[in-house]
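Since the structure comes first, as structure tokens, the remarks are kept for the end.
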Amino acid sequence: MSEITYIRGDATVPSGKGVKVIAHVCNDLGGWGRGFVLALSRRWPEPEKAYRAWHRGRANNDFGLGATQLVRVERYIWVANMIGQRGTRTGSKGVPVRYEAIDTALGNLADEVIELGASVHMPRIGCGLAGGKWSRVEPLIKERLVGRGIAVTVYDHGEDGS
């Protein structure tokens, strides 16, 4: 089984050839405005527009923890909005990250990525504002994506590895 490739760089500028999917974690409140999503919105308006419309229409669609929405932003680049955090703040129920939801979303993503013949590119999902631990997220990526033969590149942005 292949491993995850780690590089220093910007996940909104995925490296390599072929179809690429940029995967990231969103909250279940419809909030888009802090963290990695800002970098996405600087490059393309479509992921935010699609996420907000998905949230607005949630009474009649699959929006919720574990759901995945693929948004095409360029001919060979897609963005995967994955609902993997409950709310946006750490409180009495702990940090917002929901590992089970990330696991489900990655499973959904794998089916889509295989169909597209794509590779997956991401920051350390669920480990920024969501408060997750990479030691819990990485095995999910290995099982759901790498284990199915999908090439995954994780981008560390900045000097401190975040």
Side-chain angles (χ1 to χ4, degrees), residues 7-91 95-132 134 137 140-141 144-145 148 150-158 162:
I7 64 172
R8 186 165 305 286
D10 182 348
T12 68
V13 187
S15 60
K17 294 191 178 345
V19 179
K20 299 178 227 14
V21 174
I22 301 168
H24 71 110
V25 167
C26 303
N27 65 66
D28 65 349
L29 296 179
W32 182 291
R34 292 181 61 213
F36 182 71
V37 298
L38 295 178
L40 285 173
S41 291
R42 278 195 291 274
R43 294 216 33 159
W44 307 286
E46 297 90 349
E48 178 179 359
K49 283 182 187 161
Y51 169 78
R52 291 190 186 279
W54 189 28
H55 178 261
R56 268 194 313 277
R58 66 192 176 281
N60 300 306
N61 65 36
D62 67 344
F63 184 95
L65 287 171
T68 301
Q69 177 191 52
L70 242 62
V71 182
R72 191 176 206 162
V73 294
E74 290 182 16
R75 185 170 179 191
Y76 296 111
I77 300 178
W78 298 73
V79 171
N81 293 331
M82 302 187 302
I83 311 301
Q85 68 180 78
R86 165 82 65 204
T88 57
R89 301 206 192 304
T90 298
V95 293
V97 71
R98 292 295 179 266
Y99 298 109
E100 326 73 51
I102 291 174
D103 188 41
T104 301
L106 287 169
N108 295 333
L109 178 64
D111 294 336
E112 303 265 7
V113 166
I114 288 168
E115 200 170 301
L116 289 170
S119 55
V120 175
H121 304 259
M122 64 178 70
R124 291 187 186 234
I125 59 170
C127 297
L129 296 172
W134 188 246
V137 175
L140 303 177
I141 294 165
R144 298 290 179 200
L145 302 179
R148 292 186 65 188
I150 298 166
V152 176
T153 303
V154 172
Y155 296 74
D156 284 320
H157 200 264
S162 62

Atom pair [atom1] ([X]) and [atom2] ([Y]), whose distance is rounded to the nearest 0.5 Å:
X	Y	atom1	atom2	answer
T12	I22	OG1	CD1	6.0 Å
W134	L140	CH2	CG	9.0 Å
I102	M82	CD1	CE	7.0 Å
I83	Y51	CD1	OH	5.0 Å
L40	W32	CG	CH2	5.5 Å
M122	Y155	CE	OH	10.5 Å

Side chains of I125 and I141 in contact at under 4.5 Å (non-hydrogen atoms): yes
- prompt: Heavy-atom distance under 4.5 Å between the side chains of L129 and T88, does that happen here?
  reply: no
field: Evaluation steps, side chain to side chain contact (heavy atoms under 4.5 Å, CB included), between V13 and R43
entry: CA-CA 9 Å; V13 187; R43 294 216 33 159; 2.9 Å; yes
- prompt: Checking T153 side chain against H121 main chain: does a donor-acceptor pair fall under 3.5 Å?
  reply: no
task: Mind checking salt bridge (Lys or Arg N to Asp or Glu O under 4.0 Å) for D111 and listing every partner two or more places apart, or none if nothing turns up?
output: R148
Pairwise side-chain hydrogen bond (donor to acceptor under 3.5 Å, both in side chains) hits with a residue in residues 98-110, at least two apart: D103-R144
Qualifying side-chain hydrogen bond (donor to acceptor under 3.5 Å, both in side chains) pairs, either residue in residues 57-67, two or more places apart: W54-D62, H55-R58
message: Surrounding CZ of R89 (heavy atoms of other residues, nucleotides or ligands, distance under 6.0 Å), is the total greater than 12?
response: no
- prompt: What do the steps show when you test W44 against I77 for side chain to side chain contact (heavy atoms under 4.5 Å, CB included), and what is the final call?
  reply: CA-CA 11 Å; W44 307 286; I77 300 178; 4.2 Å; yes
Closest contact, heavy atoms only, [X] versus [Y]:
X	Y	value
L70	A80	CD1-CB, 3.6 Å
G30	R52	O-NH1, 3.4 Å
G84	A101	CA-CB, 4.0 Å
A130	P96	O-CD, 3.2 Å
P47	N81	O-ND2, 3.2 Å
H24	C26	CE1-SG, 3.3 Å

- prompt: Ion pair present between D28 and R86, side-chain N to carboxylate O less than 4.0 angstrom?
  reply: yes
